[in-house]
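Note that ligands are numbered from 1 as they come in the structure, with each ligand's atoms numbered from 1 the same way. The analysis underlying the following values was restricted to heavy atoms, covering all of them including side chains, and did not include hydrogens, waters or symmetry mates.
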Amino acid sequence: MSTYEPVIGLEVHVQLKTESKIFCACSTEFGREPNENTCPVCLGLPGSLPVLNERALELAIKVGLALNCQVSPRIKFDRKNYFYPDLPKAYQISQYDMPVSSKGYLMVVGAGFKPAPTPPHPSLSPSEGERAKVRGRRIGITRAHLEEDAGKLLHEGIKDGSWVDYNRAGVALLEIVSEPDLRSPEEAFQYLVSLKAILQYLGVSDCDMEKGSLRCDANVSVRTRGDAPFGTKVEIKNMNSFKAVQKALAYEIKRQSEALESGEKIIQETRLWNESKGETLSMRSKEYAHDYRYFPEPDLVPFSVTNTRIDEIKKSLPELPQVRLERFQKQYGLSEYDAYVLVSEKSLADYFEASASEKVSPKMLSNWIQSELLALLNLKKVLIQESPVKPKDLAELIRLIENNTISGKMAKDVLPEMFEGGKSAEAIVREKGLVQVTDTRLLEEIAERVIQANPKVADEVKSGKAQAIGFLVGQVMKETQGKANPRMINEILSKKLALSTRGKA
Ligand code: ADP
Ligand code: ZN
Ligand code: MG
């Protein structure tokens, strides 16, 4: 075990899904012509005045409540001054000493899992080997405050200078700051997955990192393992996926540990993650740190939010991932792990529930969604909400396995056809004559033949090497062109070789 222990705190910026910007009526629609969504307010023209978008405040309070925060009864905005061309007013309206929400926490479920790869479901399908028991850890939320987003500078492909697009300037942002409670890059990854799930359940944001509606800066220091005080932190920016956050943290922890090991001191600085090089590079040290000269925004008068309003918003909260996770275990008898995987992505959990309402085995359903269906969706780059195989269709396929019409193996061939051709499971099974051989007499005959033809393997099985039976099952399957029921073959062979049946295919 390394002598150094990482200490991590994350700052997440999330764009709130409001139709208009936070202080003006401009549209927030993504992908419009550059500077189409602008007006005197978000361009910072003299004489214009901001007006708070009530919906942005409502969404911010929703997040605060879902993160178990105290919601401030008093709403106040401040100016954060800095000069950069993406900020037309040369200050950002933000919140300094009175954030909408503070002092909350988030249960990070699955802290301890290794994260998993590839869109469209980046949080899903850790390999079998990683199916450790789900654990939860409570991570403190320091604060969540409202602010306006900045514009975007465009440098690429432009000779002589840069261009600026102010469509994003003034879009409502919520900055969610965690306590330095995270202790590994994996845990940071899981924190992000859990946070994103909550935001998606609340419906407050697209959470699309590619479009920049979710962005994360990571703060990390290392200290001697145990109770030593925190070390000097470094802030890392420029990661554009949760995976990248994890990789950048791992790189940085190694860099800092090695530096300390060789007697160097860590300096407080901001570093940029370079994805292609896989390393962090210094951007600016604390010496050049900004003095933001915060002061109360004089154009927006502080005001109060009544308890009645906060209670109303509380009542409107949907079922959140943590609660759904527990319900999935109770209601469907799923393992904590399976429930966790389904629940982490709202669309996946919704699909599962829609399919489970067709009264098929939830466990089987969960397996089919997590393995076969997700594999197909990933391969074809289709989101589960747009799956051509609807929840009802998948349930129909599973019912055919349950009532022994087809084997699981056959079903694996049927599913891609359903996906491609839009035909029902039953129609494909009928067309292909895929009906399972369940004639016991016939199977017994074939099993006998296979045993005679493979005396060595049969002896191995008899002498206790139970796994060897798999080969014989495979041979029977082959003889029936894959149409036999593997569980039946297993039972027949076991009986013939006087083994106790294992009940497993
Ligand atoms: P700053 O004033 O530099 O913005 P903050 O105290 O506001 O620093 O913390 C910013 C983020 O850094 C928070 O997410 C916090 O949890 C994290 N953080 C603070 N101190 C440390 C530390 N020593 N090591 C790692 N992360 C830290
Ligand atoms: Zn505007
Ligand atoms: Mg700070």
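Using a cutoff of 4.0 Å between basic side-chain nitrogens and carboxylate oxygens, E312 and R309 are scored as salt-bridged. Between E187 and R137 a salt bridge is recorded (basic side-chain N to carboxylate O distance below 4.0 Å). Between D350 and K346 there is a salt bridge, since at least one side-chain N of the basic residue sits less than 4.0 Å from a carboxylate O of the acidic one. With respect to R143 and D97, no salt bridge is recorded, no charged nitrogen being found less than 4.0 Å from a carboxylate O.
Of all the atoms in ligand 1, the ones that sit under 4.0 Å from a non-hydrogen atom of V177 are 13 (C), 14 (O). Short contacts between ligand 1 and V7, defined as distances under 4.0 Å to a heavy atom of the residue, involve ligand atoms 24 (N), 25 (C). Interface atoms of ligand 1 facing S221, defined by a heavy-atom separation under 4.0 Å, are 22 (C), 23 (N), 24 (N), 25 (C). Near E179, with a cut-off below 4.0 Å to any heavy atom, the atoms of ligand 1 are 16 (O).
The proximity of L10 to ligand 1, defined as any non-hydrogen pair under 4.0 Å, is limited to the backbone.
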| request: Could you walk me through whether R32 and N37 pass the side chain to side chain donor-acceptor pair (under 3.5 Å) test, one step at a time? | output: CA-CA 7 Å; R32 289 265 190 96; N37 297 345; 2.8 Å; yes

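Of all the listed residues (P180, G9, G231), G231 holds the heavy atom that lies closest to atom 23 (N) of ligand 1. With E235, Q268, E11, K233 as candidates, the residue nearest to atom 3 (O) of ligand 1 on a non-hydrogen basis is K233.
Note: Y294 and Y96 have parallel aromatic rings, judged against thresholds of 30 and 60 degrees for the angle between ring planes.
Annotation: angle subtended at the Zn ion (ligand 2) by C42 SG and C26 SG is 110°, to 10°.
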